Amino acid sequence: MIDYNSPPIIQSNGRPTKIKMIHLDLLAPIYRQKKAEEEEEEEDRIRSASSFFISEMGSRVSKQVERRKAISTEKKTLCDLHQNCGEEFPGCDYKPSDRKNWMAGINPEKVHINKIVWPGTHDSATNKIGFPAITRPFAQCQSLSIYQQLVKGTRVLDIRIQEDRRVCHGILLTYSIDVVINDVKKFLSETQSEIIILEIRTEFGHEDPPDFDKYLVDQLGEVLIHQDEHVFNKTIAELLPRRVICVWKPRKSPQAKAGSPLWNAGHLKDNWIDTDLPSTKFESNLKHLSEQPPVSTRKFFYRVENTVTPQADNPVLCVKPVTGRIHGFARLFITQCFSKGVADRLQIFSTDFIDEDFVDACVAATYARVEGKA
């Protein structure tokens, strides 16, 4: 309560100010009502936030359930297709006796470049990407070194680099491009008739390494097959001793021109389908492949990737379990190419975590073409 006997407040001009005397207990009901209103508003905000959180979580859980159902349904679709159609295609029983030298085993004088079904690897140099058990599972697409992949039968390499010439996958880094080149050289020194397509590109979001085209020519000059559209109709024997088709895909630097030791981006094409749904990717691959010219008339390489990609809205983000949804259906895909009349368009066939059976399937399709069975 205000003290009525307190002295008046004196203004700066020396005159006393009149104070309206009010008992504080008269303000108490107003204060309590105001406080009650504020508490009620706070409770409303909490209830609203809780409702939004519950609704949002429910929506996300519902979406995840639907995603899991979609993945399960698509895996079943491929399994049913495999059960109904099998995986037999012309030459499918052929197996190379030596995968390290499988081109030599078919006969370099009979194997034309445009008749090869090239076994390739996706994100080839990621066997040591990032940190083990921490970031590596989210970016590793191969467990073998470049040399080991080549020995196993891989003939198309997909390499991503950044401005300092280190191999990368997105923001994650691994060894220098020198490691890749040295592995390629080692393999070439141990074989005589194996042709390699070496695709190197500047990774998205990165700058081109300075003078990288000169680096490649300096490193591989003697074995580089120069950019020439007549190459597609030549046999391996006609190209030897040159053995590497190097496709350099910079982001901003000038593209290689005809006659250059390097090949430009227009000579290796694909249609990237960014999905983790295996049947969707399988059918999309067939659709895009059917839209390509036959290999007999095509003057560029076309790649199909037997892979699926982890998606940010799915709880499974590690590469291996995700890409495993489609990995085992490589032979089925080749079979479907023959069944749908588009086998004459299949050329580069790439995968994650390449294995012997994938290589054997590609070699078998190549053998069938060379022997006139397909």
Side-chain angles (χ1 to χ4, degrees), residues 90-121 146-147 149-157 181 183-199 216-217 219-248 256 258-264 267-268 293-303 334 343-350 358-374:
C92 63
D93 292 333
Y94 178 83
K95 288 189 177 182
S97 58
D98 179 8
R99 293 186 185 90
K100 185 177 181 178
N101 292 281
W102 68 260
M103 289 182 171
I106 295 180
N107 188 346
E109 294 183 357
K110 296 172 63 177
V111 181
H112 289 80
I113 296 300
N114 61 10
K115 288 186 176 180
I116 299 171
V117 178
W118 302 76
T121 50
I146 295 298
Y147 173 76
Q149 291 175 44
L150 292 169
V151 169
K152 185 161 286 192
T154 301
R155 293 296 176 267
V156 180
L157 300 172
I181 298 299
D183 274 8
V184 169
K185 288 180 177 180
K186 180 180 179 182
F187 175 77
L188 294 175
S189 71
E190 296 173 355
T191 56
Q192 295 182 341
S193 303
E194 306 304 302
I195 303 293
I196 299 170
I197 298 176
L198 174 61
E199 178 199 36
L216 290 172
V217 174
Q219 291 293 318
L220 298 169
E222 294 181 357
V223 296
L224 290 173
I225 298 169
H226 288 215
Q227 183 183 153
D228 179 359
E229 293 185 349
H230 292 98
V231 165
F232 293 96
N233 294 314
K234 291 185 177 182
T235 64
I236 290 176
E238 290 175 315
L239 295 176
L240 297 176
R242 296 183 181 273
R243 298 169 57 194
V244 177
I245 296 172
C246 185
V247 182
W248 165 224
S260 164
L262 307 177
W263 294 62
N264 61 42
H267 286 98
L268 202 168
V295 293
S296 58
T297 61
R298 202 157 66 211
K299 300 302 179 184
F300 59 89
F301 295 100
Y302 183 77
R303 172 172 49 210
I334 297 176
D344 62 341
R345 293 157 171 75
L346 185 60
Q347 194 168 41
I348 297 176
F349 196 29
S350 292
F358 185 90
V359 171
D360 290 351
C362 294
V363 175
T366 302
Y367 174 79
R369 284 180 176 174
V370 172
E371 295 300 318
K373 298 180 179 181

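Just so you know, these numbers come straight off a predicted model, no measurement behind them.
Judged purely by atom type and a 3.5 angstrom limit, Arg298 uses its side chain to pair as donor or acceptor with the backbone of Arg345. One N or O on the side chain of Thr366 and one on the backbone of Val117 form a donor-acceptor pair closer than 3.5 Å. Side chain of Gln347 to main chain of Tyr302: a donor-acceptor pair is present (N/O by atom type, distance under 3.5 Å, no hydrogens or angles).
In this structure Asn114 satisfies the side-chain hydrogen bond (donor to acceptor under 3.5 Å, both in side chains) test together with Asn233, sequence neighbours excluded.
Thr154 and Leu157 make their closest contact through CG2-CD2, 3.9 Å (heavy atoms, listed as atom of the first residue, atom of the second, distance). When every heavy atom of Leu224 is checked against every heavy atom of Cys246, the shortest pair comes out as CD2-CB, 3.6 Å. A pairwise comparison of heavy atoms in Thr121 and Ser350 identifies N-OG, 4.0 Å as the closest pair. A pairwise comparison of heavy atoms in Pro119 and Gly153 identifies CG-O, 3.3 Å as the closest pair. Across every non-hydrogen atom of Phe358 and Gly120, the tightest pair is CE2-O, 4.1 Å. Across every non-hydrogen atom of Trp263 and Ile225, the tightest pair is NE1-O, 2.7 Å.
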Please step through salt bridge (charged side-chain N to carboxylate O under 4.0 Å, His left out) for the pair Asp360 and Arg99, ending with a clear verdict.
CA-CA 8 Å; Asp360 290 351; Arg99 293 186 185 90; 2.8 Å; yes
Determine, step by step, whether Val363 and Ile106 satisfy the side chain to side chain contact (heavy atoms under 4.5 Å, CB included) criterion, reporting the C-alpha distance in whole Å, the side-chain angles of both residues, the deciding distance to 0.1 Å, and the verdict.
CA-CA 9 Å; Val363 175; Ile106 295 180; 4.0 Å; yes
Starting from the C-alpha separation in whole Å, work towards a yes-or-no answer on side chain to side chain contact (heavy atoms under 4.5 Å, CB included) for Leu150 and Thr191.
CA-CA 10 Å; Leu150 292 169; Thr191 56; over 6 Å; no
Where do Met103 and Val111 land on the side chain to side chain contact (heavy atoms under 4.5 Å, CB included) test, with the steps shown first?
CA-CA 8 Å; Met103 289 182 171; Val111 181; 5.8 Å; no
Assess whether side chain to side chain contact (heavy atoms under 4.5 Å, CB included) is satisfied between Leu346 and Arg369, documenting all intermediate values.
CA-CA 11 Å; Leu346 185 60; Arg369 284 180 176 174; 4.0 Å; yes
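Rounding to the nearest 0.5 Å places CH2 of Trp118 at 9.5 Å from CD1 of Ile196. Going from atom CD1 of Ile146 over to atom CG of Leu198 covers 8.5 Å, rounded to the nearest 0.5 Å. The OG1 atom of Thr235 sits 10.5 Å away from the NZ atom of Lys115 when rounded to the nearest 0.5 Å. Distance check: Ile113 CD1 to Ile195 CD1 gives 5.5 Å after rounding to the nearest 0.5 Å. The distance from the NZ atom of Lys373 to the OH atom of Tyr367 is 4.0 Å, given to the nearest 0.5 Å. For the atom pair CD of Gln192 and CZ of Arg243, the computed distance is 8.0 Å after rounding to the nearest 0.5 Å.
Screening residues 183-198 for salt bridge (Lys or Arg N to Asp or Glu O under 4.0 Å) gives Lys100-Glu190, Arg155-Glu194 as the qualifying pairs, with residues at least two apart or on separate chains. Annotation: salt bridge (Lys or Arg N to Asp or Glu O under 4.0 Å) contacts involving residues 219-228, sequence neighbours excluded, are absent.
Put simply, the side chain of Ser193 does not reach to within 4.5 Å of the side chain of Asn101, judged on heavy atoms. The shortest side-chain heavy-atom distance between Leu239 and Ile245 does not fall under the 4.5 Å cut-off. Using a 4.5 Å heavy-atom cutoff, the side chains of Phe300 and Pro293 are in contact.
Between Phe301 and Phe232, the ring planes are tilted. Angles from 30° to 60° get that label.
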